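Since the structure comes first, as structure tokens, the remarks are kept for the end.
Model, not experiment: these values are computed from the prediction. What's counted below: heavy atoms across the whole structure, side chains too, no hydrogens, waters or symmetry copies.
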Amino acid sequence: MASMDGVTSNQHGTKVDPEEYLTELSERSDVPELLPGFCLNFISLHERKLWKQLTDELMRFYDLSESKPYRMDIYTNFIEQFAKHMSQLKRVLLAVSAANADSTSPQQSLDFVTKVAQQVDQPNSRDAFVYAEIEVARLQLVLGDADKAKASAAKAGEVLDTFDSVDPLIHAAYYRVMSDYHKAKAEYTQYYRTSLLYLACVKLEDMTDEEKALRAHDLSLSALLGERIYNFGELLLHPILNALDGTPHSWLKEFVVAMNAGDLLRFEGLLKHLPQQPLLESQLGFLRQKVCLMALIESVFRRPPHDRVLGFATIAQETRLPIYEVEHLVMKALSLDLIRGAIDEVDSIVEVSWVQPRVLDLAQIESMRSRLLDWTHDVKKVESLMHAQAKSFIEV
């Protein structure tokens, strides 16, 4: 920790002059070739008290994989000495990078980041505190303590909600840790929503191919298994799903497309892949009901608003269900607020007054375009008829 005379104490409590430390580090024979040059730059910028430039140079160094073995030592023996002069958010970023450099001791990393969070818990550095607290939650999840992770994330979220604006980096970290929490708790609907929010805050090119494929895989599963998710349009339009192409899980993408469209034939054809995903296989009954609900929604959505009275026989044909199961399916759709309307049991019809808004894929947009063209044609016919009748009236 830093002392008043500009000399730091290392983890063993020995007093270390930060510039002497960097000089000694740069003169060692076992360090990478790039390290001495960085050390000289650090010393020069430190002597001139160019804190922003020094911070940026440290960020550049910490981004290099070769810096991993030296990050923690440089942080404790050098950065802590002038930490109060630098951007506190970047201070936390450097601390987190140092903590994550050694993935073999997550408990030590947690203790270290918790200490940093306490140090930046000041009125003028709330963004840094939030980011540090989010990292605390992430490390608690790594250690398997989901309850503490939820509490830490909630604490960060409360502060985050008070901000008028915030660095996207912080929002991304928050949604990432929340999606990790929901994944750990098998909360599919919440995972789906927070994971899409996370993707809205990051650039895909900053993610590795492995990260993209895993995120696409988990999003697909959560879309299929989420009890309140009956529209996958937002996922289908997101390029993250392309990460499944060419992988053993590429069929999942097709499965999501089939489910979203309520395509029962395609759904049945893809069931042969379910043994690869025991989680989906164990929920086959739920998936069958879900695809029937999606087929019902699509059937209603394709119809114009003035033609949304469906007979039980029509619904049975659209969903491939026995006619005696149609009423139960419609009641399920009503209870989930997927549609609104009324069931006439006497005449065996369903009158739909509203269908849940949907994020449309390209095929659905084309369908809507065709309906708008038909509507335009009908309006022009009415206009021509009114014009002709008005002309006859004037002549009379």
### Query
Around E33, counting heavy atoms of other residues, nucleotides and ligands shown, do more than 12 lie under 6.0 Å from its CD?
no

### Message
Going by salt bridge (Lys or Arg N to Asp or Glu O under 4.0 Å), name the pairs with one or both residues in residues 234-252, residues two or more places apart or in two chains.
### Response
D245-K253

### Task
Answer whether the closest heavy-atom distance between the side chains of L280 and L252 falls below 4.5 Å.
yes

### Query
Do K212 and D209 meet the salt-bridge criterion of a basic N to acidic O distance under 4.0 Å?
yes

### Query
Less than 4.5 Å apart, any side-chain heavy atom of S220 and any of L244?
yes

### Query
So, do L199 and L204 sit near enough that their side-chain heavy atoms are less than 4.5 Å apart?
yes

## Note on the structure
Given the options F61, Y62, F112, Y75 meets ring-ring contact (aromatic ring centres under 6.0 Å, His included) only with F112

### Query
What pair of heavy atoms forms the shortest contact from S109 to A99, and how long is it?
OG-O, 2.9 Å

### Message
Between E57 and N41, is there a side-chain donor-acceptor contact under 3.5 Å, judged purely by atom types and distance?
### Response
yes

#### Entry: Any donor-acceptor N/O pair, R308 side chain to R303 backbone, under 3.5 Å
yes

### Task
Step through the shown structure and confirm whether more than 12 heavy atoms of other residues, nucleotides or ligands are within 6.0 Å of CD on E66.
yes

### Task
Spell out, as yes or no, whether a donor-acceptor pair under 3.5 Å connects the side chain of K332 to the backbone of L293.
no

### Message
Counting only heavy atoms not in E268 (residues, nucleotides, ligands), do more than 12 fall under 6.0 Å from its CD?
### Response
yes

Listing, residues 122-132 side-chain donor-acceptor contacts under 3.5 Å, not counting sequence neighbours, or none:
residue: S125; atom: OG; partner: V120; partner atom: O; Å: 2.6
residue: R126; atom: NH1; partner: D121; partner atom: OD1; Å: 2.5

### Pairing of K52 and D56 as salt bridge, 4.0 angstrom limit
yes

### Query
Heavy-atom count around K90 NZ within 6.0 Å, excluding the residue itself: above 12?
yes

### Query
Do T194 and Y181 have side chains that get closer than 4.5 Å, going by heavy atoms?
no

### Parallel, tilted or perpendicular, as decided by the 30° and 60° cut-offs, for the rings of F42 and F38
tilted

### Task
Answer yes or no: does atom CE of M331 have more than 12 heavy-atom neighbours from other residues, nucleotides or ligands under 6.0 Å?
no

Please table the atom pairs, donor to acceptor, closer than 3.5 Å between any side-chain atom in residues 311-328 and protein atoms at least two apart or in another chain.
residue: E318; atom: OE1; partner: R302; partner atom: NH2; Å: 3.2
residue: T319; atom: OG1; partner: I315; partner atom: O; Å: 2.7

### Over 12 non-hydrogen atoms of neighbours within 6.0 angstrom of CD in Q108
no

### Query
Backbone N or O of K380 within a donor-acceptor pair of the S384 side chain at under 3.5 Å?
yes

### Query
How about D164: does its CG atom have over 12 heavy atoms from other parts shown lying under 6.0 Å from it?
no

#### Entry: Heavy-atom check, side chain of I343 versus side chain of L334, under 4.5 Å
yes

### Task
Using the six-membered ring wherever Trp is involved, compare the ring planes of H85 and W51 and label them parallel, tilted or perpendicular (cut-offs 30° and 60°).
parallel

### Task
Using the salt bridge (Lys or Arg N to Asp or Glu O under 4.0 Å) rule, take R138 and D180 through it: C-alpha gap first, then chi angles, then the decisive distance, then the call.
CA-CA 8 Å; R138 188 192 70 80; D180 289 346; over 6 Å; no

### Query
Is the distance between the ring centroids of H182 and Y188 under 6.0 Å?
no

### Query
Can you name the nearest heavy-atom pair linking L287 to F255, along with the distance?
CD1-CE2, 4.4 Å

